[in-house]
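Structure first, then comments.
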Amino acid sequence: MSVPTSPAEKGLNPGLMCQESYACSGTEEAVFECDECCSLQCVRCEEELHRQERLRDHERIRLRPGHVPYCDPCKGPGGPSPGARQRAVVRCQACKINLCLECQKRTHSGGSKRRHPVTVYHVSNVQEPPEAEEMDEEARRRKMTEKVVSFLLVDENEEVQVTNEEDFIRKLDCKPDQHLKVVSIFGNTGDGKSHTLNHTFFYGREVFKTSPAQESCTVGVWAAYDPVHKVAVIDTEGLLGATVNLSQRTRLLLKVLAVSDLVIYRTHADRLHNDLFKFLGDASEAYLKHFTKELKATTARCGLDVPLSTLGPAVIIFHETVHTQLLGSDHPLEAPEKLIQDRFRKLGRFPEAFSSIHYKGTRTYNPPTDFSGLRRALEQLLENNTTRSPRHPGVVFKALKALSDRFSGEIPDDQMAHSSFFPDEYFTCSSLCLSCGVGCKNSMNHGKEGVPHEAKSRCSYSHQYDNRVYTCKACYERGKEVSVVPKTSASTDSPWMGLAKYAWSGRQYWFGNQDPVDTVVRTEIVHVWPGTDGFLKDNNNAAQRLLDGMNFMAQSVSELSLGPTKAVTSWLTDQIAPAYWRPNSQILSCSKCATSFKDNDTKHHCRACGEGFCDSCSSKTRPVPERGWGPAPVRVCDNCYEARNIQLDVTEVQADDEGGTLIARKVGEAVQSTLGAVVTAIDIPLGLVKDAARPAYWVPDHEILYCHSCRKEFSVKLSKHHCRACGQGFCDECSHDRRAVPSRGWDHPVRVCFNCNKKPGDL
């Protein structure tokens, strides 16, 4: 158990009891002396009495050990001059006045007053001279604040102007091991915030700059150290000022509020405006929503010995009036704090983040303003360490730096909300989904911690971004989520080889079977955030690649006659032929009958030996499983047909199979058999089938009216081209560059616009 502290150790006179008996029945020890009430008062009586309007401005002092009050008649109109005031020796319990020896003889020596009960003061216990002590203490405090200067802590762009903890402590000019609290002030511009801090903490010295000009004299956040109360005092910009970057500056105020232990809201309005309640209510909501989590993370990340309180600071509303009464004057039975809570409730604001809200008012009939009541209220709250205890200056700096790093950056004008002082847009990520336009719900700069973008709602599908993600359905049912990426070709295959493999591998779906997308995978629509890669690395561009190849072939074939058409056919055959086939360019005559081939003659390869033959020497068919042709019969020469037990090099066969050339050849035969039809039909405009063949991320042709870069209008003379990277439409001049686009499935150089071509790294 703790040992009770004696009244003398508390700084009280153990022989003095409360003389008011207003709230305590005279049973509690006196703590204050009120000159105008002419009595010693306990804490309860002092607080209850001076809530009344007519008693609010009374001057009170805190009692010290051995304190003796002054004689009351000596202070009256008929008494001696103030310089001749005497200390009382007794207190008349009936008259409730303090009397010096001379006044007691003069007023209570005769009549019925002789029998009035009195309490004797022990004048000998008074430490002389008390006036000198008070003057010395006041002078000492003033001297302690003589060298205090303020410094810019955060500028108007939310950039911290202190480099590190040591620099912060040096500018505060406090001891490195000093523990302190933080007091900040808020209010509208021109309400005298800097003036209030100067008179409350620094005895009127202009530590924080003041000015009679119309322009605000405080830009950014300024700080100074009060060595008397051991607090860091922070001055802020005024609200409702005509400033640029208003959203960022408003967000800055909440960062200051988050590191403060005590907040003064200064208002000079004759009546409390709704802006005051909206500001505090919105600040409370934003603090709980965005800052409590970050303060906890800062404590863990920085390894702070003193945890940062997730409960907000205490608030004092300092209200100065001239022509109107103070809050609660017309409701003497209700505390001003209750009336303030009622105002919050009526406006739909709930200041739950603040540990407490207090009201301190003063009515200034004639300047200067009386700040003594505010000073006493501040001192009482600073002594309370229940919610917030003093902490090292380095902890304050780390908290402010962490909040500045997390919640920083420009706020676009279209995201500014005027219905709230602290809308979510001030503290959340500004990225918008490119597909549906929904904003990210995470806090600012979350990417630095490796946290991906998230949204509150689901996304909608966009052809331009093809924002579909496939996952294996079988794996999903087993509790695993495995992404599936469709591919039409390997990056090591040539374009024609890849297409041939792709077509042949899907032969089981050529006869009306279901698409694997509908049967074996789950499809999910996901958000497309700026700076992220595409989702499907191939994007189903096989049809467009075939059209591109056919378009190139058409341009060549249109300039050729029938003879060169055969050359094109031979070239195509060589491109997809197995490795053991003799190239067409080397086959000048039939390998069996030695008949020379003419331009109109057709060359046939034996599927067994790979040599070239005429039609009559290779008209037989049989399966050749040792070469990978089977079980269906294929063309072979007469010699290989008769020698059914031919032995082949196993290594050669495996190489052919692994390379996929047999698959390519099988598709090539189908292409070759229809090449004549293609050549004759190639004059049909490709535009009729382009929309069916275009990848999903391409912008449809009918939506492309102008070049996406130079804005030239497309016409019959100006053709439109799609960039294979971004999918937008361009003219030829703006998209003549060629680059591989592996993220979109184009593994060989294809057309890209000049903007995409400028991007570093792989597209």
Side-chain angles (χ1 to χ4, degrees), residues 489-490 492-511 546 549 553 565-679:
S489 65
T492 55
D493 290 336
S494 66
W496 280 103
M497 180 71 71
L499 286 175
K501 288 183 181 180
Y502 176 66
W504 184 255
S505 63
R507 65 190 180 279
Q508 61 266 41
Y509 304 111
W510 293 356
F511 306 102
L546 179 61
M553 189 181 298
T565 301
K566 292 291 185 178
V568 172
T569 305
S570 298
W571 168 80
L572 177 59
T573 304
D574 286 341
Q575 290 295 308
I576 60 177
Y580 69 94
W581 282 22
R582 183 181 297 277
N584 281 282
S585 59
Q586 298 179 14
I587 302 175
L588 303 179
S589 60
C590 175
S591 296
K592 183 179 181 181
C593 65
T595 302
S596 299
F597 288 114
K598 299 179 181 179
D599 291 340
N600 295 334
D601 294 337
T602 302
K603 306 172 185 177
H604 301 281
H605 283 84
C606 172
R607 271 46 172 180
C609 63
E611 295 294 335
F613 298 87
C614 63
D615 183 70
S616 60
C617 295
S618 59
S619 58
K620 297 181 173 59
T621 60
R622 72 169 178 87
V624 188
E626 60 271 21
R627 288 292 194 183
W629 304 90
V634 291
R635 181 186 294 269
V636 293
C637 65
D638 294 343
N639 294 334
C640 292
Y641 182 79
E642 296 171 357
R644 287 178 175 270
N645 296 324
I646 183 173
Q647 298 295 320
L648 301 175
D649 186 354
V650 177
T651 305
E652 182 184 5
V653 175
Q654 290 178 347
D656 289 337
D657 290 341
E658 292 175 0
T661 53
L662 295 180
I663 298 174
R665 174 59 193 175
K666 292 172 183 178
V667 178
E669 289 181 357
V671 174
Q672 182 178 342
S673 65
T674 58
L675 186 60
V678 171
V679 171

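Atom OG of Ser619 is separated from atom OH of Tyr641 by 10.0 Å, given to the nearest 0.5 angstrom. Cys640 contributes atom SG, which lies 9.0 Å from atom CD of Glu611 (distance to the nearest 0.5 angstrom).
Within the 4.5 Å cutoff, the side chain of Phe597 has heavy atoms near those of the Cys614 side chain. No side-chain heavy atom of Ser591 sits less than 4.5 Å from a side-chain heavy atom of Cys637. Looking at heavy atoms from C-beta onward, Asn584 lies in side-chain contact with His605 at the 4.5 angstrom threshold.
Contact between Val624 and Arg607 at its shortest, heavy atoms only, is CG1-O, 4.1 Å. His604 and Ser618 get closest at one heavy-atom pair: CB-OG, 3.5 Å. Closest approach of Asp638 to Ser616, counting heavy atoms only: OD2-O, 4.1 Å. Residues Ile587 and Lys603 come closest through the heavy atom pair O-NZ, 3.0 Å.
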